[in-house]
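The chains referred to below are lettered A, B, ... by the order of the sequence lines, with proteins before strands, and numbering in each begins at 1.
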Protein chains: 2
Amino acid sequence: MRTSFPQLELDAQICFPLYAATRAVTQTYGRLLSDVGLTYPQYLTMLALWGAEEPLTVGEVGARLRLDSGTLTPLLKRLEAAGFVVRRRDPGDERRVLLEVSDQGWELRERVAHVPGALVESLSMSAKEGAELRRLLHELLEHLDADG
Amino acid sequence: MRTSFPQLELDAQICFPLYAATRAVTQTYGRLLSDVGLTYPQYLTMLALWGAEEPLTVGEVGARLRLDSGTLTPLLKRLEAAGFVVRRRDPGDERRVLLEVSDQGWELRERVAHVPGALVESLSMSAKEGAELRRLLHELLEHLDADG
DNA sequence: GGCAACTATATTGCGCGCAATAGAATCGTG
DNA sequence: CACGATTCTATTGCGCGCAATATAGTTGCC
């Protein structure tokens, strides 16, 4: 390089490993999920719906996944088209859309129950390192939420 | 939820914090880079070109960033349209495209020299934690490269 | 009740990210 | 030299991810 800018080295930063690792993990999930016809963001959305006590709204899913309606609306329409979710307006507040997991959606849950284990296998990380990584990522998220 | 699938909890996994943290970091970069008209992937591409001793090919940039031509070709055309990069076929091998940083591209480097520092500031992570996070992410990448 | 703020979702536009494919140039082998 | 295999970039198609905007429904205040 023409002059020295050591702070601009690719590998010296956290940003690039984070970016590359996320894409690698997404691809690994993609291979595990292609059988059942889900993408990784669709899988995360189903996790949110499966984990809720009752039907969530689009906004509630967005709050959990940190995604907005521009991303979620078409994604949810695809999940509905695939038969995993039913979307209907909340009769009590017609602005809101309630997302209900269909019977087929509950069956899907059993078909992907092996996925987290398979992924942890692929990562081949110790439980201790995994917990540490999770802790650091949560910390990073909190800082960026506060003032990032 | 209807039945218990503890392994399917959103926060129990590494995947979701990784996914959310990456998007948060990308957004933080986006705010820092919007002044100069770069996106985050464009910035990473410029880092690769700035850091090379001589013009890189599309494939060489792809190897460094782990991106393929489907992503890079249009991205590089946008960088060329913005005046930061010159693309030309390698006279010695007409299959390859050489990517040269323009004068304007070198000037850009000085205008973003503050970005890594500003980002580290936003993360408000200790140097020790940053190094640990980087180490864990590199490890994760290696495992996924090998058999993921 | 009426009307202005506010809220929730949908739409549009653009830039990735990647699989699949195409097309051109080069290489290797006979 | 010929020709099939390989390499390199470009193209196409689709699904995010997000800013900006639009639209419909609700609430609060008078």
Go through the structure and list residues passing side-chain contact (heavy atoms from CB on, under 4.5 Å) with [X], not counting sequence neighbours.
| X | value |
| --- | --- |
| A/Asp68 | A/Thr71 |
| B/Glu60 | B/Leu56, B/Thr57, B/Arg64 |
| A/Ser126 | A/Lys128, A/Glu129 |
| A/Ala20 | A/Phe16, A/Arg23, B/Arg66, B/Leu141 |

- Message: Distance under 4.0 Å to a non-hydrogen atom of chain A counts as contact; along DNA chain C, which nucleotides mark the start and end?
- Response: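 Contact span on the strand: C/dT7 to C/dC18.
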When you match A/Leu72 and B/Asp90 each to their closest nucleotide on DNA chain C, which lands nearer the 5' end?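 Per heavy-atom nearest nucleotide, the more 5' residue is A/Leu72.
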side-chain hydrogen bond (donor to acceptor under 3.5 Å, both in side chains) against B/Thr26, all qualifying residues, sequence neighbours excluded |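 B/Thr26: no side-chain hydrogen bond (donor to acceptor under 3.5 Å, both in side chains) contacts found.
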What residues form a side-chain hydrogen bond (donor to acceptor under 3.5 Å, both in side chains) with B/Ser69, not counting sequence neighbours?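 Once residues adjacent in sequence are excluded, B/Ser69 has no partner under the side-chain hydrogen bond (donor to acceptor under 3.5 Å, both in side chains) criterion.
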Base, sugar-phosphate, or nothing for [X], non-hydrogen atoms under 4.0 angstrom?
| X | answer |
| --- | --- |
| A/Thr39 | sugar-phosphate |
| A/Leu67 | sugar-phosphate |
| A/Leu75 | sugar-phosphate |

Hey, are B/Glu80 and B/Arg87 close enough for a salt bridge, meaning a charged N less than 4.0 Å from a carboxylate O?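 So B/Glu80 pairs with B/Arg87 through a salt bridge.
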- Task: State which residues pass ring pair (Phe, Tyr, Trp, His ring centres under 6.0 Å) with A/Tyr29; sequence neighbours excluded, sorted by chain then number.
- Result: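 Ring pair (Phe, Tyr, Trp, His ring centres under 6.0 Å) check on A/Tyr29 returns A/Tyr40, A/Tyr43.
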With B for base contact, S for sugar-phosphate-only contact and - for none (protein heavy atoms under 4.0 Å), nucleotides 1-9 of chain D reads ------BSS
